[in-house]
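Worksheet for the structure shown next.
A quick note: this is a predicted structure, and the numbers were derived from the prediction, not measured. Scope of the values below: all heavy atoms of this structure, side chains included, with no hydrogens, waters or symmetry mates. Order of the sequence lines sets the chain letters (A, B, ...), proteins ahead of strands, with each chain counted from 1.
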Amino acid sequence: MPRSDDAEAFFAAVYQAVREIPHGKVTTYGHIAMLVGTPQRPRQVGLCLKHLPTDPSARYNHDNVPWQRVINAKGEISPRSQPSGSLNQAAALQAEGVTVTNGALGEFMVDFAEFGWFPDILPSEAAEEGGRELGGEEDHSENDEQT
DNA sequence: ACCATGACTATCG
DNA sequence: ACGATAGCCATGG
(Lines give C-alpha, C1' and ligand atoms only; values in the text may rest on other atoms or scores of the structure.)
Protein backbone atom coordinates (compact mmCIF):
# COMPACT_ATOMS: atom_id res chain seq x y z
CA MET A 1 0.00 0.00 0.00
CA PRO A 2 1.08 3.56 -0.62
CA ARG A 3 2.89 5.27 2.20
CA SER A 4 1.50 8.78 1.82
CA ASP A 5 -2.07 10.01 1.55
CA ASP A 6 -1.23 11.85 -1.64
CA ALA A 7 -0.01 8.67 -3.19
CA GLU A 8 -3.07 6.84 -2.00
CA ALA A 9 -5.33 9.37 -3.73
CA PHE A 10 -3.35 8.99 -6.91
CA PHE A 11 -3.51 5.22 -6.69
CA ALA A 12 -7.26 5.32 -6.18
CA ALA A 13 -7.72 7.63 -9.17
CA VAL A 14 -5.68 5.32 -11.35
CA TYR A 15 -7.50 2.20 -10.22
CA GLN A 16 -10.88 3.79 -10.81
CA ALA A 17 -9.84 4.93 -14.27
CA VAL A 18 -8.59 1.47 -15.13
CA ARG A 19 -11.89 0.01 -13.99
CA GLU A 20 -13.62 2.05 -16.67
CA ILE A 21 -11.76 0.37 -19.49
CA PRO A 22 -14.41 -1.73 -21.26
CA HIS A 23 -14.12 -5.49 -21.33
CA GLY A 24 -12.17 -6.59 -24.38
CA LYS A 25 -10.44 -3.23 -24.85
CA VAL A 26 -7.00 -1.91 -23.98
CA THR A 27 -5.39 1.48 -23.38
CA THR A 28 -1.97 2.78 -22.41
CA TYR A 29 -0.24 3.85 -19.20
CA GLY A 30 0.16 7.29 -20.70
CA HIS A 31 -3.53 7.59 -21.48
CA ILE A 32 -4.55 6.58 -17.99
CA ALA A 33 -2.13 9.18 -16.68
CA MET A 34 -3.82 11.77 -18.87
CA LEU A 35 -7.29 10.71 -17.74
CA VAL A 36 -6.44 11.15 -14.08
CA GLY A 37 -4.95 14.56 -14.73
CA THR A 38 -1.24 13.80 -14.51
CA PRO A 39 -0.13 13.34 -18.11
CA GLN A 40 3.52 13.61 -17.09
CA ARG A 41 3.48 10.52 -14.97
CA PRO A 42 2.70 7.42 -16.97
CA ARG A 43 5.45 5.70 -15.09
CA GLN A 44 3.67 6.12 -11.80
CA VAL A 45 0.61 4.53 -13.37
CA GLY A 46 2.75 1.50 -14.01
CA LEU A 47 3.82 1.55 -10.38
CA CYS A 48 0.20 1.61 -9.25
CA LEU A 49 -0.57 -1.51 -11.21
CA LYS A 50 2.63 -3.14 -10.10
CA HIS A 51 1.55 -2.63 -6.51
CA LEU A 52 -2.07 -3.61 -7.10
CA PRO A 53 -2.86 -6.02 -4.26
CA THR A 54 -3.67 -9.64 -5.04
CA ASP A 55 -5.51 -9.80 -1.75
CA PRO A 56 -9.23 -10.06 -2.65
CA SER A 57 -10.20 -8.22 0.55
CA ALA A 58 -8.33 -5.09 -0.51
CA ARG A 59 -10.43 -2.23 -1.82
CA TYR A 60 -8.70 -2.47 -5.17
CA ASN A 61 -7.23 -5.79 -6.19
CA HIS A 62 -6.41 -8.05 -9.12
CA ASP A 63 -10.00 -9.22 -9.24
CA ASN A 64 -11.82 -5.90 -9.42
CA VAL A 65 -9.27 -3.87 -11.41
CA PRO A 66 -8.68 -5.00 -15.03
CA TRP A 67 -4.92 -4.33 -14.88
CA GLN A 68 -4.37 -6.50 -17.94
CA ARG A 69 -6.06 -3.93 -20.17
CA VAL A 70 -3.22 -1.46 -19.74
CA ILE A 71 -0.26 -1.79 -22.09
CA ASN A 72 2.46 0.56 -23.30
CA ALA A 73 2.32 3.19 -26.05
CA LYS A 74 4.01 0.88 -28.54
CA GLY A 75 1.05 -1.45 -28.40
CA GLU A 76 2.98 -4.15 -26.65
CA ILE A 77 2.56 -5.74 -23.27
CA SER A 78 5.30 -4.16 -21.21
CA PRO A 79 8.07 -6.61 -20.45
CA ARG A 80 8.96 -6.75 -16.76
CA SER A 81 11.45 -8.44 -14.52
CA GLN A 82 9.34 -11.56 -14.40
CA PRO A 83 8.57 -12.97 -17.88
CA SER A 84 5.64 -14.81 -16.34
CA GLY A 85 4.03 -11.44 -15.72
CA SER A 86 3.65 -10.41 -19.35
CA LEU A 87 2.79 -13.97 -20.27
CA ASN A 88 0.07 -13.95 -17.67
CA GLN A 89 -1.22 -10.61 -18.98
CA ALA A 90 -1.33 -11.92 -22.54
CA ALA A 91 -3.36 -14.88 -21.39
CA ALA A 92 -5.76 -12.69 -19.44
CA LEU A 93 -6.36 -10.49 -22.48
CA GLN A 94 -6.90 -13.38 -24.84
CA ALA A 95 -9.31 -14.84 -22.34
CA GLU A 96 -11.53 -11.80 -22.81
CA GLY A 97 -11.37 -11.83 -26.58
CA VAL A 98 -8.42 -9.55 -27.27
CA THR A 99 -6.19 -10.79 -30.07
CA VAL A 100 -2.58 -10.87 -28.94
CA THR A 101 0.08 -11.37 -31.61
CA ASN A 102 3.76 -12.13 -31.29
CA GLY A 103 6.26 -9.45 -32.17
CA ALA A 104 9.54 -10.11 -33.89
CA LEU A 105 11.36 -10.28 -30.56
CA GLY A 106 8.70 -12.45 -28.99
CA GLU A 107 6.86 -9.57 -27.34
CA PHE A 108 3.08 -9.66 -27.07
CA MET A 109 1.38 -7.08 -29.29
CA VAL A 110 -2.18 -5.76 -29.39
CA ASP A 111 -3.69 -3.85 -32.30
CA PHE A 112 -4.90 -0.44 -31.12
CA ALA A 113 -6.95 0.05 -34.28
CA GLU A 114 -9.12 -2.84 -33.22
CA PHE A 115 -8.90 -2.96 -29.43
CA GLY A 116 -7.73 0.49 -28.43
CA TRP A 117 -9.80 2.57 -26.01
CA PHE A 118 -8.79 6.24 -25.83
CA PRO A 119 -11.58 8.53 -24.57
CA ASP A 120 -10.78 12.21 -23.97
CA ILE A 121 -12.14 11.98 -20.45
CA LEU A 122 -13.41 9.25 -18.16
CA PRO A 123 -16.91 7.99 -19.05
CA SER A 124 -17.96 8.69 -15.46
CA GLU A 125 -16.96 12.32 -15.86
CA ALA A 126 -18.41 12.52 -19.36
CA ALA A 127 -21.75 11.47 -17.89
CA GLU A 128 -21.71 14.48 -15.58
CA GLU A 129 -21.12 16.91 -18.40
CA GLY A 130 -23.63 15.19 -20.60
CA GLY A 131 -26.37 15.92 -18.11
CA ARG A 132 -25.43 19.59 -17.99
CA GLU A 133 -24.88 20.07 -21.70
CA LEU A 134 -27.86 20.19 -23.98
CA GLY A 135 -26.79 20.18 -27.62
CA GLY A 136 -26.46 16.82 -29.28
CA GLU A 137 -23.10 17.45 -30.88
CA GLU A 138 -20.90 14.58 -29.96
CA ASP A 139 -18.51 12.71 -32.14
CA HIS A 140 -14.87 12.60 -31.29
CA SER A 141 -12.90 10.03 -33.19
CA GLU A 142 -13.14 6.64 -31.56
CA ASN A 143 -9.51 5.80 -31.61
CA ASP A 144 -6.60 6.83 -33.69
CA GLU A 145 -3.09 5.68 -33.13
CA GLN A 146 -0.53 4.61 -35.68
CA THR A 147 -1.81 6.21 -38.85
C1' DA B 1 18.29 9.80 4.73
C1' DC B 2 20.32 8.90 0.20
C1' DC B 3 20.63 6.00 -3.99
C1' DA B 4 19.01 2.78 -7.50
C1' DT B 5 15.12 0.89 -9.92
C1' DG B 6 11.06 0.56 -12.67
C1' DA B 7 4.13 -2.71 -15.75
C1' DC B 8 6.52 4.82 -19.23
C1' DT B 9 6.89 8.48 -22.76
C1' DA B 10 8.01 12.51 -25.50
C1' DT B 11 11.93 14.45 -27.52
C1' DC B 12 16.44 14.70 -29.61
C1' DG B 13 20.50 13.11 -32.20
C1' DA C 1 13.77 5.00 -38.38
C1' DC C 2 16.05 3.68 -34.18
C1' DG C 3 18.94 4.38 -29.91
C1' DA C 4 19.98 7.54 -26.08
C1' DT C 5 18.26 11.15 -22.65
C1' DA C 6 15.63 13.52 -19.56
C1' DG C 7 11.47 14.05 -16.48
C1' DC C 8 8.66 11.27 -13.14
C1' DC C 9 8.26 9.70 -8.10
C1' DA C 10 6.77 5.60 -5.01
C1' DT C 11 9.35 1.66 -3.19
C1' DG C 12 12.95 -0.91 -1.34
C1' DG C 13 17.66 -1.52 0.19
* **A:Tyr60 versus A:Gln16, side-chain donor and acceptor atoms under 3.5 Å** =>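 Yes.
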Taking side chain to side chain donor-acceptor pair (under 3.5 Å) as the definition, give me every residue that meets it alongside [X], ordered by chain and number, with sequence neighbours left out.
| X | answer |
| --- | --- |
| A:Tyr15 | none |
| A:Ser57 | A:Asp55 |
| A:Ser124 | A:Glu20 |

Enumerate, atom names and distances included, each donor-acceptor pair closer than 3.5 Å involving a side-chain atom of residues 86-93 of chain A, sequence neighbours excluded.
from: A:Ser86; atom 1: OG; to: A:Pro83; atom 2: O; distance (Å): 3.0
from: A:Gln89; atom 1: OE1; to: A:Arg80; atom 2: NH2; distance (Å): 2.8
from: A:Gln89; atom 1: NE2; to: A:Gln68; atom 2: O; distance (Å): 3.0
from: A:Gln89; atom 1: NE2; to: A:Val70; atom 2: O; distance (Å): 2.9

* Distance, rounded to the nearest Å, where A:Arg41 contributes CZ and C:dA10 contributes P ->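 Taking CZ of A:Arg41 and P of C:dA10, I get 9 Å after rounding.
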* To do: Rounded off to whole Å, could you give me the CZ-to-C1' distance for the A:Phe118 and B:dT9 pair?
  =>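 Whole-Å distance recorded here is 13 Å.
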* Whole-Å C1' distance, C:dG13 and B:dA1 ->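 Here C:dG13 and B:dA1 have their C1' atoms 12 Å from each other.
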With a 4.5 Å limit on heavy-atom distance, are the side chains of [X] and [Y] in contact?
| X | Y | value |
| --- | --- | --- |
| A:Ile32 | A:Val18 | yes |
| A:Arg69 | A:Thr27 | no |
| A:Pro79 | A:Phe108 | no |

Between the protein and nucleotides 3-7 of chain B, which nitrogen or oxygen pairs come in under 3.5 angstrom?
from: B:dG6; atom 1: N9; to: A:Arg43; atom 2: NH2; distance (Å): 3.2
from: B:dG6; atom 1: N7; to: A:Arg43; atom 2: NH2; distance (Å): 2.6
from: B:dA7; atom 1: N7; to: A:Lys50; atom 2: N; distance (Å): 3.4
from: B:dA7; atom 1: N6; to: A:Leu49; atom 2: O; distance (Å): 3.1
from: B:dA7; atom 1: N3; to: A:Tyr29; atom 2: OH; distance (Å): 3.0

Filtered N/O pairs between nucleotides 10-13 of chain B and protein, under 3.5 Å:
none

